[in-house]
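Because the structure is a prediction, the values reported are computed rather than measured. The basis for the numbers below is simple: all heavy atoms, side chains too, and nothing from hydrogens, waters or symmetry mates.
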Amino acid sequence: SDGSSKLAQGHKWASFPSASVAWRMSEESFMESTKNIISNLKLRASLGYTGNNNIDPYLTQILANQTTYYNYGATNALGVGVGSLVSQALTWEKTREINFGADFGLLNNKSDLSLDIYNRLSSGLLQKRTLPLESGAGTMTDNLGSVMNKGIELSLNTYIIDTKDFKWGVSGSFTANQNEIVNLFGNTTKGYVFINSSTQKWMVGESINSIYGYVYDGVWTPEALQEAKTNKDLRAVNAAGNFIAREGQAKIKDFNGNGIDASDRRIQGHADPSWTAGLSTNLSYKGIDFNMSLYTAQGMTVFSPFIEE
C-alpha cells in the first residue's frame, strides 16, 4: 500500500499488488538435444499494479489565491477570492499490466533475443480538464477515464565476430504499440466525445494523443475562387455572393455543405508512432571503435501550427 497527501481526503491510500513467475525451460532434460542452438530459454509472466500521484500539491484544497479589486463604499479595495475548483474525489491513477515474455540465448549465447507482449490499462487518469466558462474556473485536475496500451517489444543482441583483435556486434529493437481510450467519465460507448481544447479531442475508441482540427484541402487560387463563386461555395463566398476567402488562404474541407463551422473538425491521426525500430552496429579492431545507429518511427501524424493558423 501507499499513501499520498496530494490526493483528496478519503482517497489518499491504495494498494498495488504484483506477482510474477518464470520457467527456465532450457534446464529441462528434454532440451538437452538443442543446447548447441538454444543455449538458454526462459518463459516469463507477470501481473502487477502501479500508482501515479504526479500532480502539484494542494490541488484538492480550495485556496484563496485570486486577488481582485472591488468597490468598498466610494473607494477601491483589494480582496482575495477563491481559486480554481477542486475534485473532492481525486485519487490515485492506477495502471494494471499483464506481461508475457521469453528470453532466448542462441548459439552458445552469442545471440540474445527477448520478446515481450503486454497489455497495460491505466485507470483514473490524472489530467487537467477544461471547464465551462460558467463555472468561473478555467481548468480542474480530475480522474478522467481509462486508457489501454497493448503491444509487443522485441530486442536482439548478437556478436557476429568475436576474436581477440576484431569484434563485430549488432543490436536491433522493434516496438509496436496500440493506444486507445476505453473510458471517459464512466462512459464506455465508442464515439463518446470530450473536447479538452481547440486541438485536443478525446473520444472513446481513439488514441489519447489524437490530432483534432479542420482538414486542410489546399490553397485558394484565382481560378478556385471564381469557381467557388459560381457554385456558391460558402467556404469562399457569403450568402450575398461576396468573397470571404482570399487568394493564397488555406482551403478547408466542408463536410456538410453549410460553410466552415465547428462540425467540420475531424480526428486526423495521432501523435504516437504505430511502431518504432532501431538498429546499431559496433566494430572494434585493436582499440579502434566504429559505431553506427539507425532509428525510425512510423505511423504517426505531425501537427503543424502553421497550417492551424
For this session: Verify whether one side chain among N179 and D272 offers a donor that lies under 3.5 Å from an acceptor in the other.
Result: no
For this session: Answer with yes or no whether the side chains of N149 and Y118 bring together a donor and an acceptor at under 3.5 Å.
Result: no
Exercise. Distance-only, no hydrogens or angles: does the N71 side chain make a donor-acceptor pair with backbone N or O of G73 under 3.5 Å?
Worked result: no
For this session: Just do the side chain to side chain donor-acceptor pair (under 3.5 Å) check on N99 and S46 with the steps written out, would you?
Result: CA-CA 5 Å; N99 184 285; S46 63; 4.5 Å; no
Problem set entry | Ion pair R235/D254, N-O distance below 4.0 Å | no
For this session: May I ask you to check whether over 12 heavy atoms, not counting those of Y58, lie within 6.0 Å of atom OH?
Result: no
Problem set entry | Straight-line distance of K42 NZ to S114 OG, nearest 0.5 Å | 9.0 Å
For this session: For Q298 and T296, test the side chains for any donor-to-acceptor distance below 3.5 angstrom and give the result as yes or no.
Result: yes
Exercise. Rounded to the nearest 0.5 Å, what separation is found between the OG atom of S280 and the CG atom of N157?
Worked result: 7.5 Å
Problem set entry | D142/K128 salt bridge by N-O under 4.0 Å criterion | no
Exercise. Can the ring centroids of W168 and Y159 be said to lie less than 6.0 angstrom from one another?
Worked result: no
Exercise. Counting distance only, does the side-chain N/O of N143 pair as donor-acceptor with the main-chain N or O of T91 below 3.5 Å?
Worked result: yes
Exercise. Judged by modelled atom types alone, do S263 and D261 share a side-chain donor-acceptor pair under 3.5 Å?
Worked result: yes
Problem set entry | Cluster check I260, V215: I/L/V/M/F/W/Y, side chain < 4.5 angstrom | no
Exercise. Does one side chain, of T189 or N187, offer a donor that lies under 3.5 Å from an acceptor on the other?
Worked result: yes
Exercise. Is it true that E180 and K190 have a side-chain N and a carboxylate O under 4.0 angstrom from each other?
Worked result: yes
Problem set entry | Side chain K94, main chain F16, donor-acceptor under 3.5 Å | no
Problem set entry | Stepwise side-chain contact (heavy atoms from CB on, under 4.5 Å) check, N258 with F255 | CA-CA 8 Å; N258 64 345; F255 289 92; over 6 Å; no
Exercise. If you measure from the Lys or Arg side-chain nitrogens to the Asp or Glu carboxylate oxygens, is any gap between D56 and K6 under 4.0 Å?
Worked result: no
For this session: Check whether more than 12 heavy atoms from other residues, nucleotides or ligands sit under 6.0 Å from atom NZ of K167, and answer yes or no.
Result: yes
Problem set entry | Centroid separation W202 to Y192 less than 6.0 Å | no
For this session: Please determine, by modelled atom types, if N183 and T188 share a side-chain donor-acceptor pair under 3.5 angstrom.
Result: no
For this session: State plainly whether one hydrophobic cluster holds both V86 and L7, where clusters connect Ile, Leu, Val, Met, Phe, Trp and Tyr through side-chain heavy atoms under 4.5 angstrom apart.
Result: no
Exercise. Quick one: does Q268's side chain have a donor or acceptor within less than 3.5 Å of a partner on Y214's backbone?
Worked result: yes
Exercise. Do K253 and D264 meet the salt-bridge criterion of a basic N to acidic O distance under 4.0 Å?
Worked result: no
For this session: Please confirm whether R266 makes a cation-pi placement over Y212, using NZ or CZ under 6.0 Å from the six-membered ring centre and within 45° of the ring normal.
Result: no
